[in-house]
*Asks:* 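Sharing a structure here in structure tokens format.
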Amino acid sequence: MKGKITIALAGNPNSGKTTLFNALTGSNQFVGNWPGVTVEKKEGKIRGRDYITVQDLPGIYSLSPYTAEEVITRNYLVHESPDLIINIVDGSNLERNLYLTTQLLELNIPVVVALNFMDAVNKNGDKINIKALAQKLHCPVVGISALKKEGLEELIRLSVETAKKNTQQALFSFEQKIEQALSYIQNIKIPNIPKEKSRWYSIKLLEKDEKIMEELSLSGDKKEMLWNIIKDIEKTYDDEAESIITDERYTHIAKILEGSYKRANRQETVSDKIDKVLTNRWLALPIFAGIMTLMYYIAIYGLGTIVTDWTNETLFGEYIIANTVEVMTNAGAAPWLVSLVSDGILAGVAAPLGFVPQMALVFLFLALLQGSGYMARVAFIMDRLFRRFGLSGKSFLSFFVSSGCGVPGIMATRTIENRRDRDMTMITTTAIPCSAKLPVIAMISAFTMGGAWWVAPLVYFTSIAVAIMASVIMKKTKLFSGEPAPFVMELPEYRLPNLQGVLRETWIKISAYIKRAGTIIFAMCVLMWFLGSFGFQDGQFGMVESSDSFLAIIGGAISFIFIPLGFGNWQAVAATFAGFTAKEAIGTTMNILAGLGEVDGFVEGGRLFYLSFFPTNMVAMSFLMFNLFNTPCLAAVSVLYREISSKKLFWFAILLQNLGAYAISLVIYQLIGLALGEVGFSIMTVVAAAVLLLILYMLFRKERTPQARPALYGGVN
Ligand code: GDP
Ligand code: MG
């Protein structure tokens with residue numbers, strides 16, 4: 001048997017690492033045409049060559065990390081020394097990508113450069129002399145197209161060969177004075193530096209890399225010696241040490257590219273032309289709003305409804321549930337069992353399952369938008385807007401991911417450089433309606449304001465607004481103030497999304513959704529049915545009228561809290577609490593509670609629940625808003641707990657989310673309700689008005705921090 005080999009894929013964001021990883025391993029990791037998709041490393045084995053393990057790492061621009069995901073990559077490369085690094089380089093963006101290459105070559109790990117996007121390079125008419133490039137870089141270079149699966153065999157062959165040789169990489173030298181400084185640093189003899197990485201550590205120390213200094217915990221006198229060396233070199237060059245090194249690297253790259261690279265004259269590409277419209281200063285936001293509205297319209301009111309109505313009413317209501325009841329009753333099943341199956345499980349699980357067609361449409365839309373490259377533009381557009389409020393466009397990327405699911409949404413904050421901004425985004429990002437909240441939005445907006453089509457999109461935009469406003473308010477507090485890091489992101493070319501990939505992505509998400517219905521939602525159904533059907537009557541435990549059930553007692557005991565919000569009945573409270581485990585459970589519980597005792601003949605749960613417990617439009621809206629903005633589901637909460645900076649901040653987040661949700665619902669029910677003539681004037685009106693004023697004050701008060709600097713728009717106006 002051949003020895004085992006571990007290969008790490010390292011490269012800039014969006015250079016095709018995941019595409020290559022999938023092609024090599026036959027894996028199904030999601031390829032998004034925008035940076036920040038891979039925020040955790042993933043592992044796989046090369047197809048047909050089990051002895052080679054490949055690691056897909058988060059994208060990095062350099063080995064000086066600013067974001068949590070960059071730290072993951074650097075730590076992996078430095079501390080877990082793989083046998084080989086395949087440095088994947090975007091051949092259509094050579095100079096920028098080689099910046100990382102120069103640093104990888106200092107790690108004393110064999111490197112093979114996979115020159116990706118060769119199909120695009122050839123199409124553009126750029127000329128790259130691969131042989132010359134390899135000679136100048138002192139490491140093997142292979143031209144590939146990860147997308148078209150070209151050159152992969154050669155890449156694997158060369159990688160195995162290079163890993164086996166494991167020869168010391170020839171490094172390029174900096175200017176003499178810098179080299180001298182580096183050798184002085186090596187002479188300090190700092191403990192804990194692995195010998196084979198001493199050059200790399202010296203460079204990092206010269207650059208004053210804080211994390212490395214922390215890691216090595218230098219003693220006082222060694223630190224002073226180091227500072228003296230750095231001070232010296234900064235005086236000589238009259239520049240910051242870090243920028244001296246950066247300049248040197250780019251000078252060296254220019255030399256490497258001389259004679260090995262010729263860029264064809266660029267004409268305005270199709271992408272440029274599309275961008276003139278889509279990222280236009282005035283049109284960008286309306287176009288984005290239009291696209292999202294259209295998506296919600298089609299998914300919730302158009303195509304989606306037809307199929308969903310059919311699954312909900314005909315398939316589940318008339319067919320499955322009615323027939324099950326009949327068959328079970330005829331077979332002589334105990335009434336409680338019939339009730340469990342029809343009122344509990346079928347009615348409950350029907351709610352999320354009935355929405356599968358709508359969910360599939362939404363997932364399909366999002367995958368298309370992501371795959372085409374449009375979402376990267378949206379991040380820019382939003383950054384333009386966000387920066388005015390001192391927020392970064394990266395917060396928006398996390399918001400966007402959260403529209404699928406809050407768990408990866410929270411994970412996506414790892415791309416945010418600034419710790420406080422990251423924490424803040426984690427707290428607000430789950431305000432964006434995730435796929436599990438969608439059925440709840442659909443169920444409730446179907447009856448609100450006479451079921452007008454604009455209710456669901458309005459709820460969606462309100463959610464974005466709430467997430468942004470909450471961020472702005474938090475940003476103005478001392479805890480989170482500070483300028484956001486500049487937003488640097490490569491804009492990928494627009495591409496026709498790969499149909500297979502889009503369908504696969506949609507399927508992965510929809511099957512996860514169905515799985516949830518079969519597991520956690522199923523369990524919730526049984527629990528809710530039990531609590532809603534059983535209780536004590538005359539001191540006897542058994543099945544009771546739902547108004548005497550455990551659920552009614554527990555829910556009733558706390559329902560007073562929600563009277564000011566308009567939904568102080570135990571049923572709505574029970575649905576809300578069910579939502580803390582998983583948001584689909586809200587609709588599920590509504591269905592179960594509406595159907596309890598209606599064993600013969602399934603009722604359309606949402607409508608019946610609505611008619612019984614939401615006497616006015618604003619009661620429904622207040623209920624919906626409270627459930628959209630309060631604590632997210634258990635899964636998201638546990639990720640929040642893990643990712644947020646401190647335990648204190650975690651509890652602060654939970655408190656803030658629930659208080660915020662309460663405040664919003666209070667304002668909606670009391671004030672909009674009053675305006676619509678649905679509620680009368682009372683002391684609560686005054687309280688709600690005061691809350692609204694407080695929110696507005698916190699939103700518009702003067703900033704603590706100086707006006708944020710404009711973003712670095714990589715090429716976009
Ligand atoms: P990562 O961020 O480095 O993991 O990059 P991805 O693998 O997600 O790829 C980013 C985008 O580049 C996707 O739209 C891919 O389809 C596209 N892509 C990747 N490799 C190639 C290639 O060789 N040629 C072309 N034309 N596109 C590619
Ligand atoms: Mg990736």
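Index from 1, following the sequence. Scope of the values below: all heavy atoms of this structure, side chains included, with no hydrogens, waters or symmetry mates. Both counts, for ligands and for their atoms, begin at 1 and track the order of listing.
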*Asks:* Between Lys148 and ligand 1, does any nitrogen or oxygen pair lie at a separation below 3.5 Å?
*Replies:*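 No; every N/O pair is 3.5 Å or more apart.
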*Asks:* Of all residues at least two apart in sequence or in a different chain, which pass the salt bridge (Lys or Arg N to Asp or Glu O under 4.0 Å) check with Glu242?
*Replies:*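 Per chain and number, Glu242 pairs via salt bridge (Lys or Arg N to Asp or Glu O under 4.0 Å) with no residue.
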*Asks:* Quick one: ring-ring contact (aromatic ring centres under 6.0 Å, His included) partners of Tyr261, sequence neighbours excluded?
*Replies:*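 Not a single residue meets the ring-ring contact (aromatic ring centres under 6.0 Å, His included) criterion with Tyr261.
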*Asks:* Classify the contact between Leu147 and ligand 1 as side chain, backbone, both or neither, using a heavy-atom distance cut-off of under 4.0 Å.
*Replies:*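 Both the backbone and the side chain of Leu147 come within reach of ligand 1.
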*Asks:* State whether the shortest distance between N or O atoms of Gly16 and N or O atoms of ligand 1 falls below 3.5 angstrom.
*Replies:*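 Yes - when backbone and side-chain N and O of Gly16 are compared with those of ligand 1, one distance drops under 3.5 Å.
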*Asks:* Relative to the heavy atoms of Ser145, which atoms of ligand 1 are at a distance of less than 4.0 Å?
*Replies:*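 So the atoms of ligand 1 that pass are 22 (C), 23 (O), 24 (N).
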*Asks:* Return yes when Gly59 approaches ligand 1 closer than 4.0 angstrom through a heavy atom, no otherwise.
*Replies:*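 It does not, in that no heavy atom of Gly59 comes within the 4.0 Å cut-off of ligand 1.
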*Asks:* Using a strict cut-off of 4.0 Å, indicate which atoms of ligand 1 neighbour a heavy atom of Lys17.
*Replies:*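 Result: 1 (P), 2 (O), 3 (O), 4 (O), 5 (O), 7 (O).
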*Asks:* Can we say Arg49 and Glu153 salt-bridge, meaning some charged N sits less than 4.0 Å from an Asp/Glu carboxylate O?
*Replies:*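 Glu153 and Arg49: salt-bridged.
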*Asks:* Would you mind checking if Asp423 and Arg419 are paired as a salt bridge, meaning a charged N to carboxylate O distance below 4.0 Å?
*Replies:*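 Looking at Asp423 together with Arg419, the answer is yes, because their closest N to O distance falls below 4.0 Å.
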*Asks:* Does the ring of Phe288 carry Arg377 above it, NZ/CZ under 6.0 angstrom from centre and within 45° of its axis?
*Replies:*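 Because its charged atom misses either the 6.0 Å distance or the 45° angle limit, Arg377 does not stack over Phe288.
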*Asks:* Judged on heavy-atom distance to atom 23 (O) of ligand 1, which of Leu57, Asn116, Leu496, Leu9 sits nearest?
*Replies:*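 Minimum heavy-atom distance to atom 23 (O) of ligand 1 goes to Asn116.
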*Asks:* Work out which heavy atom in Ala467 is nearest to a heavy atom in Ile432; give both atom names and the distance.
*Replies:*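 For Ala467 and Ile432, the tightest heavy-atom pair comes out as CB-CD1, 3.9 Å.
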*Asks:* Using a strict 4.0 Å cut-off to heavy atoms of Thr19, name the atoms of ligand 1 that fall inside it.
*Replies:*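 Ligand 1 atoms under the 4.0 Å threshold to Thr19: 6 (P), 7 (O), 9 (O), 15 (C), 19 (C).
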*Asks:* Salt bridge check, Glu154 against Arg157: does any charged N sit closer than 4.0 Å to a carboxylate O?
*Replies:*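 Salt bridge between Arg157 and Glu154, a charged N being under 4.0 Å from a carboxylate O: yes.
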*Asks:* Just distances here: any N/O of Ala146 and N/O of ligand 1 closer than 3.5 Å?
*Replies:*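 Yes, there is a polar N/O contact under 3.5 Å.
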*Asks:* Heavy-atom distances under 4.0 Å decide this one: backbone, side chain, both or neither, for Thr18 against ligand 1?
*Replies:*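 It is both backbone and side chain that touch ligand 1.
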